[in-house]
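Contents: one structure, followed by commentary.
The first residue in the sequence is number 1, and the count goes up from there. As a basis for the values below, the full set of heavy atoms in this structure was taken, side chains included, without hydrogen atoms, waters or symmetry mates. The structure displayed is predicted, hence computed values, not measured ones.
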Amino acid sequence: MVLLRRELGDALRETRQTQGRTLREVSASASCSLGYLSEIERGEKEASSELLASICRALDVPLSQMLSTVADRVSLTEAAETQMTTVLTEGLATTIDTRRVTRRDTVVSAA
């Protein structure tokens with residue numbers, strides 16, 4: 001299951017690290033505690049819309065751009081999960097069908 005807070009946290013962390021900035025720098029600029037920002041980046045806490053806007057301002061990234069990035073990440077994760085479910089379901093169905101065919105062949109051969 002896709003968790004929005006994890007995708008958002010990953011996007012925020014990647015943006016901060018790409019800029020070469022520390023948690024301390026961004027948290028000070030966003031008027032957010034370092035610990036809380038760290039929890040947001042790890043996907044453990046959800047930021048309010050006001051705090052998210054403040055973090056985006058501190059990162060000099062428009063909120064709309066961050067939300068678009070997160071939406072793209074969620075879409076990719078959902079597609080991967082759907083593909084994995086399909087592969088597992090089809091693989092399981094193939095295994096079950098193979099067992100049934102083998103059992104039928106055994107019964108027919110024995111008769």
Side-chain angles (χ1 to χ4, degrees):
M1 173 175 49
V2 180
L3 290 179
L4 183 61
R5 69 175 185 262
R6 285 195 184 140
E7 295 299 335
L8 176 60
D10 288 346
L12 289 170
R13 183 184 317 104
E14 287 173 14
T15 300
R16 177 182 59 77
Q17 290 175 338
T18 298
Q19 294 176 0
R21 300 183 61 197
T22 65
L23 275 169
R24 187 174 309 282
E25 292 169 341
V26 175
S27 67
S29 295
S31 300
C32 172
S33 76
L34 187 146
Y36 196 67
L37 179 57
S38 177
E39 288 177 317
I40 291 169
E41 284 190 359
R42 291 192 314 264
E44 296 173 1
K45 298 287 183 181
E46 292 188 25
S48 67
S49 57
E50 293 86 359
L51 181 55
L52 180 56
S54 181
I55 295 168
C56 287
R57 275 193 304 276
L59 292 169
D60 197 30
V61 174
L63 177 61
S64 59
Q65 181 182 331
M66 182 60 66
L67 293 175
S68 179
T69 298
V70 172
D72 291 345
R73 294 174 68 103
V74 168
S75 180
L76 287 172
T77 303
E78 286 174 336
E81 285 181 353
T82 299
Q83 185 176 15
M84 183 59 73
T85 300
T86 301
V87 167
L88 291 174
T89 302
E90 288 176 1
L92 182 58
T94 301
T95 303
I96 291 171
D97 289 344
T98 302
R99 288 181 188 158
R100 287 183 183 157
V101 169
T102 303
R103 286 183 187 155
R104 285 185 194 145
D105 290 344
T106 305
V107 173
V108 171
S109 298

Identify the two heavy atoms, one from Leu51 and one from Cys32, that lie closest to each other, and give their separation to 0.1 Å.
CD1-CB, 3.8 Å

Rounding to 0.5 Å, atoms CG (Asp10) and OG1 (Thr77) come to a distance of 9.0 Å

Hey, does the side chain of Gln65 reach the backbone of Pro62 with a donor-acceptor pair shorter than 3.5 angstrom?
no

Does Arg6, at its CZ atom, have more than 12 non-hydrogen atoms belonging to other residues, nucleotides or ligands within less than 6.0 Å?
no

Could you check if a side-chain atom of Arg73 sits within less than 4.5 angstrom of a side-chain atom of Glu14, using non-hydrogen atoms only?
yes

Out of curiosity, does Leu76 fall in the hydrophobic cluster containing Leu3 (side-chain heavy atoms, cut-off under 4.5 Å, transitive links)?
no

Nearest-0.5 Å distance that lies between atom OG in Ser49 and atom CG in Leu63:
8.5 Å

Residues Arg5 and Gly43: closest non-hydrogen pair is NE-O, 2.5 Å

If I take atom CZ from residue Arg13 and atom CG from residue Leu59, how far apart are they, to the nearest 0.5 angstrom?
12.5 Å

Could you pull out the closest heavy-atom pair between Tyr36 and Glu46, with the gap in Å?
OH-O, 3.3 Å

Looking at Ser29 and Ala58, what are the two nearest heavy atoms and their distance?
CB-CB, 3.5 Å

Leu52 versus Leu12: any side-chain heavy-atom pair under 4.5 Å?
yes

Distance, nearest 0.5 Å, that separates OG of Ser27 from CD of Glu41
9.5 Å

Quick check against the 3.5 Å criterion: does Arg21 have a side-chain atom that pairs as donor or acceptor with the backbone of Arg16?
no

Hey, what do you get for CG (Leu88) to CD (Gln83), rounding to the nearest 0.5 Å?
10.5 Å

Does any non-hydrogen side-chain atom of Val26 lie less than 4.5 Å from one of Gln19?
no

Could you tell me whether the side chain of Thr69 reaches within less than 4.5 Å of the side chain of Thr15, counting heavy atoms only?
no

Would you kindly say whether Arg42 and Ser38 are connected by a side-chain donor-acceptor distance under 3.5 Å?
yes

How many angstroms lie between CG in Leu23 and CD in Gln17, if you round to the nearest 0.5 Å?
8.5 Å

